[in-house]
Amino acid sequence: MENGAVENGVCSSESVNGGHESWSCKDSDSSSADHLVVLVNGILGSATDWKFAAEQFVKVLPDKVFVHCSERNVSKLTLDGVDVMGERLAEEVIEVIQRKPNLRKISFVAHSVGGLVARYAIGRLYRPPKRENLEYSSSNRSEEDSRGTIGGLEAMNFITSATPHLGSRGHKQVPFLFGVTAIEKLASLVIHLIFRRTGQHLFMNDDDEGKPPLLKRMIEDYGDCYFMSALRAFRHRVAYSNVGYDHIVGWRTSCIRRNSDLPKWEDTLNEKYPHVVYEEHCKAYDDEHCESTSIEDDGSDKLEVLHCAEELVTGLSRVSWDKVDVSFHSCRQRFAAHSVIQVKDQSMHIEGADVIQHMIDHFLT
């Protein structure tokens, strides 16, 4: 690493590839920090997108965390596809773990498409529990011992921010397309010309040797990727969502809900988190009891889109989620909500600082 810097007790360094790492400058704190926090940027982003959040994590939890802002999927590399980016992220995390032998725990915090990339990466990094732990768990009913690990580390928090978990295909999943069916259908046909393979994955029109779309594969353990086992291994899963003014990722896809499940929200009176307008803990449903909504075939072009979204909601609901809904409707930079929610640029998007604080205050260490 090079270009080291010290600011307000936070040490940071940047690699030649653009990666960014932050830790406490106090030796006693940095030596005891055994929790790796991996921050993942979104499409056309970079490691610096999470710089503000990285520094806040270290300031609040100096003796707990070592923060790594991913460097392998930046700029045009984010157009290579969710799977390719996921493989690169998994390799990057393994390298960090090998460099820091004192690490015992791991968490992911991801923005936008980065949330899908992180979900793919953990599917690659997942290691099932050891047989002796399974035998011990069956006799003692200890859920903790039956959990798998991520890269050999205890999985703690999996947090996404404005991530299109249900994809971007139709049904107002991309707000700037105005929900017009013809425009949404046209976008699905030409998206690969703009966002290449990543666009195909988001609009679920990828077809790898006859396999289902990647986002559908990622709601189960598929082949040698343990997507759902990996998600289930985390003690805490959180989805932060913009309820409005996010013109890139719609509310429903980022909060993993059906239209009928979207909550009514009111302006918050919480001074500490003024932009958090609704919080909900959604318990996990098993295959037999997982909620599902029947969709009648009315012959419209929206039918297939609705079926896809329903399948993804049902699949991802097999694990519990804390859902945190955010609104910047009264903010100066509300039209940049997609960036404000992560404080992508501290000078422009600082109004989202309370959301970062909310993440840290509810972070399991």
Side-chain angles (χ1 to χ4, degrees), residues 53 107-112 114-116 118-119 143 155-167 171-173 175 215 218-219 228 231-246 248-293 306 309-331 334 337-338 340-342 351-364:
S107 292
F108 286 79
V109 181
H111 178 248
S112 194
L116 300 178
R119 279 177 48 201
E143 181 182 354
M156 299 299 291
N157 308 271
F158 189 87
I159 302 172
T160 63
S161 177
T163 288
H165 288 287
L166 310 182
H171 211 54
K172 301 182 181 180
Q173 304 287 43
L215 295 192
M218 288 172 59
I219 59 173
M228 290 306 294
L231 262 185
R232 194 172 288 112
F234 284 86
R235 297 180 182 277
H236 191 209
R237 289 162 298 275
V238 193
Y240 285 84
S241 312
N242 281 310
V243 303
Y245 290 100
D246 188 327
I248 308 299
V249 177
W251 183 15
R252 188 168 65 90
T253 187
S254 57
C255 69
I256 317 175
R257 292 188 180 103
R258 305 173 182 86
N259 275 342
S260 58
D261 296 331
L262 293 174
K264 295 181 179 179
W265 58 273
E266 298 178 357
D267 287 346
T268 180
L269 298 177
N270 191 322
E271 294 183 1
K272 189 172 185 180
Y273 316 118
H275 301 114
V276 174
V277 296
Y278 194 85
E279 297 181 64
E280 178 182 14
H281 174 73
C282 298
K283 65 180 182 178
Y285 290 91
D286 58 29
D287 291 336
E288 294 182 0
H289 300 92
C290 200
E291 292 182 347
S292 175
T293 301
L306 290 171
E310 174 64 24
E311 189 174 350
L312 296 181
V313 171
T314 301
L316 290 171
S317 296
R318 295 188 179 102
V319 296
S320 63
W321 290 88
D322 284 339
K323 299 178 181 180
V324 183
D325 300 302
V326 176
S327 176
F328 298 106
H329 67 284
S330 61
C331 295
R334 59 185 176 276
H338 191 67
V340 175
I341 198 171
Q342 74 163 155
E351 290 171 310
D354 64 307
V355 179
I356 303 300
Q357 188 62 51
H358 187 280
M359 285 184 190
I360 298 171
D361 289 346
H362 295 82
F363 197 78
L364 299 183

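Numbers for residues simply follow the sequence, beginning at 1.
Residues His165 and Trp321 place their aromatic rings such that the two centres sit under 6.0 Å apart. Residues His236 and Phe363 place their aromatic rings such that the two centres sit no closer than 6.0 Å.
Remark: Phe234 CZ to Leu364 CG distance equals 11.5 Å, nearest 0.5 Å. Separating the CD1 atom in Ile219 from the CG atom in Leu166 is a distance of 10.0 Å, to the nearest 0.5 Å.
Leu215 is listed as a side-chain neighbour of Leu116, based on a closest heavy-atom distance under 4.5 Å. Looking at Arg237 and Ser320, their side chains come closer than 4.5 Å, going by heavy atoms from C-beta outward. Phe328 has its side chain within reach of Val355: a pair of non-hydrogen atoms, C-beta onward, lies under 4.5 Å apart. Looking only at side-chain heavy atoms (C-beta outward), Met228 and Val319 come within less than 4.5 Å of each other.
The shortest non-hydrogen separation linking Phe158 to Gly115 is CZ-O, 3.9 Å. Of all heavy-atom pairs spanning Glu266 and Val277, the tightest one is O-CB, 3.7 Å. Taking all atoms of both residues into account, the shortest heavy-atom contact from Ala162 to Ile341 is CB-CG2, 4.2 Å.
For His329 and Asp267, the side-chain atoms include at least one donor-acceptor pair closer than 3.5 Å. One side chain, Asp361 or Tyr273, offers a donor N or O that lies under 3.5 Å from an acceptor on the other. Side-chain polar atoms of Arg235 and Asn157 form no donor-acceptor pair below 3.5 angstrom. No hydrogens or angles considered: nothing links the side chains of His338 and Tyr245 as a donor-acceptor pair under 3.5 Å.
Here the side chain of Thr163 pairs a donor or acceptor atom with the backbone of Ser112 at under 3.5 angstrom. At distances below 3.5 Å, at least one donor-acceptor pair connects side-chain atoms of Thr253 with backbone N or O atoms of Gly167. Of the possible polar contacts, none joining the Ser254 side chain to the Ser241 backbone as a donor-acceptor pair under 3.5 Å is found.
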* Evaluate the side chain to side chain contact (heavy atoms under 4.5 Å, CB included) criterion for residues Val238 and His281: first the C-alpha distance (whole Å), next the side-chain angles of each, then the deciding distance (0.1 Å), finally the verdict. => CA-CA 9 Å; Val238 193; His281 174 73; over 6 Å; no
* Test side chain to side chain contact (heavy atoms under 4.5 Å, CB included) applied to Asn242 and Trp251, step by step -> CA-CA 6 Å; Asn242 281 310; Trp251 183 15; over 6 Å; no
* Asked: After noting the C-alpha distance and the side-chain angles of Tyr278 and Val326, does the key distance pass the side chain to side chain contact (heavy atoms under 4.5 Å, CB included) rule?
  -> CA-CA 7 Å; Tyr278 194 85; Val326 176; over 6 Å; no
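Under the side chain to side chain donor-acceptor pair (under 3.5 Å) test applied with His275, the options Asn270, Asp325, Asp354 reduce to a single match, Asp354. Results of the salt bridge (charged side-chain N to carboxylate O under 4.0 Å, His left out) test with Glu280 over Lys323, Lys264, Arg257 single out Arg257 as the only residue that passes. Between Tyr240 and the options His111, His362, His358, a ring pair (Phe, Tyr, Trp, His ring centres under 6.0 Å) holds for only His358.
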